[in-house]
Amino acid sequence: MNSPARIVVLVSGAGTNLQALLDACADPAYGARVVAVGADRDGVEGLARADRAGVPTFVARVADYTSREHWDRALADKVGAFEPDLVVSAGFMKLLSQDFLDRFLTLNTHPALCPAFPGMHGPRDALEHGVKVTGATLFVVDAGVDTGPIVAQVPVEVVEDDDVASLHERIKAAERAMLVDAVGRIAREGISVEGRRVRIGGDAR
Ligand code: GAR
């Protein structure tokens with residue numbers, strides 16, 4: 001791990017998790033630097049946030065490649081050009097190939113308490129199931145959908161009048177704090193992953 005740790009963040013939308021990381025990285029004591037932001041689509045607010053912070057951006061659209069494999073390889077090359085210690089998928093709505101994951105230690109943040117409610121609609125599915133507590137999970141991405149070894153979790157209560165939007169907003173507030181805390185500790189102390197056990201500090205990677 002470099003010091004400060006080099007982070008590439010992947011986004012597909014609003015990029016509020018990215019913004020939280022950008023804000024944290026402004027403090028040299030945080031120990032990490034967002035060296036680039038990538039997206040799978042043009043014109044998203046996440047890319048504008050990177051522009052405003054003076055961070056380089058790149059876009060890799062699946063539609064611009066002849067196959068999903070070509071897209072994945074192109075994305076990996078774009079990411080690799082920035083030599084990241086860590087890739088953070090923060091609201092990036094694409095699955096990454098095993099080749100990509102073998103090349104980069106990649107974390108993803110998900111708006112539910114894994115292994116519950118994987119996929120694209122964590123807050124909606126939690127609400128529909130009637131759970132009283134949900135939350136957010138940061139995990140090391142593996143070949144499955146939101147199945148990887150868990151780095152951090154934060155609980156969020158479901159309240160009586162919640163709809164999907166209100167619940168997701170409250171989850172996102174907790175999620176951003178969890179992400180900033182965990183990524184900073186990983187940057188400063190390293191991370192080891194043995195099977196499903198993740199430890200921050202110790203055998204630094
Ligand atoms: C976050 O809540 C993230 O966990 C979720 O999208 C939101 C992105 O917000 N990701 C998924 O649901 C992936 N399965 P942001 O663009 O404001 O950071």
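Because the structure is a prediction, the values reported are computed rather than measured. Whatever order the structure lists them in is the order used to number ligands and atoms, beginning at 1.
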Problem set entry | Partner of V88 under side-chain contact (heavy atoms from CB on, under 4.5 Å), chosen from V34, V11, V183 | V183
Seminar exercise, completed: Residues A24 and V180: closest non-hydrogen pair is CB-CG1, 3.7 Å
Exercise. Of all the heavy atoms in H168, does at least one lie under 4.0 Å from an atom in ligand 1?
Worked result: yes
Exercise. Hey, is ligand 1 close enough to G119 that some N/O pair sits below 3.5 Å?
Worked result: yes
Problem set entry | Approximate separation, where rounding is to 0.5 Å, of S97 OG and R103 CZ | 10.0 Å
Exercise. Under 3.5 Å, N or O to N or O, is T109 touching ligand 1 that way?
Worked result: yes
Exercise. For ligand 1, which atoms sit closer than 4.0 Å to a heavy atom of N17?
Worked result: 1 (C), 9 (O), 15 (P), 18 (O)
Exercise. How close does the nearest protein non-hydrogen atom get to atom 1 (C) of ligand 1, and which residue and atom is it?
Worked result: E175 OE1, 3.3 Å
For this session: Examine the side chains of D40 and S12 and answer whether a donor and an acceptor come within less than 3.5 Å of each other.
Result: yes
Problem set entry | Identity and separation of the nearest protein heavy atom to atom 9 (O) of ligand 1 | K172 NZ, 3.2 Å
Problem set entry | Side chain W71, main chain A60, donor-acceptor under 3.5 Å | yes
For this session: Report, in ascending order of atom number, the atoms of ligand 1 lying under 4.0 Å from any heavy atom of A14.
Result: 16 (O), 17 (O)
For this session: Return the option from R124, M93, K94 holding the heavy atom at the smallest distance from atom 11 (C) of ligand 1.
Result: M93
Exercise. What is the closest protein heavy atom to atom 8 (C) of ligand 1, and at what distance does it sit?
Worked result: G91 CA, 3.6 Å
Problem set entry | With Y30 via ring pair (Phe, Tyr, Trp, His ring centres under 6.0 Å) - residues at least two apart | none
For this session: Please indicate whether any nitrogen or oxygen in G15 is less than 3.5 Å from any nitrogen or oxygen in ligand 1.
Result: yes
For this session: Count the heavy atoms belonging to other residues, nucleotides or ligands that lie under 6.0 Å from CZ of R52, then report whether that count exceeds 12.
Result: yes
Exercise. Do the side chain of R196 and the main chain of G148 share a donor and acceptor less than 3.5 angstrom apart?
Worked result: yes
Exercise. Among protein heavy atoms, which lies nearest atom 12 (O) of ligand 1, and at what distance?
Worked result: P111 CD, 3.3 Å
Seminar exercise, completed: H110 heavy atoms within 4.0 Å reach ligand 1 at atoms 4 (O), 14 (N)
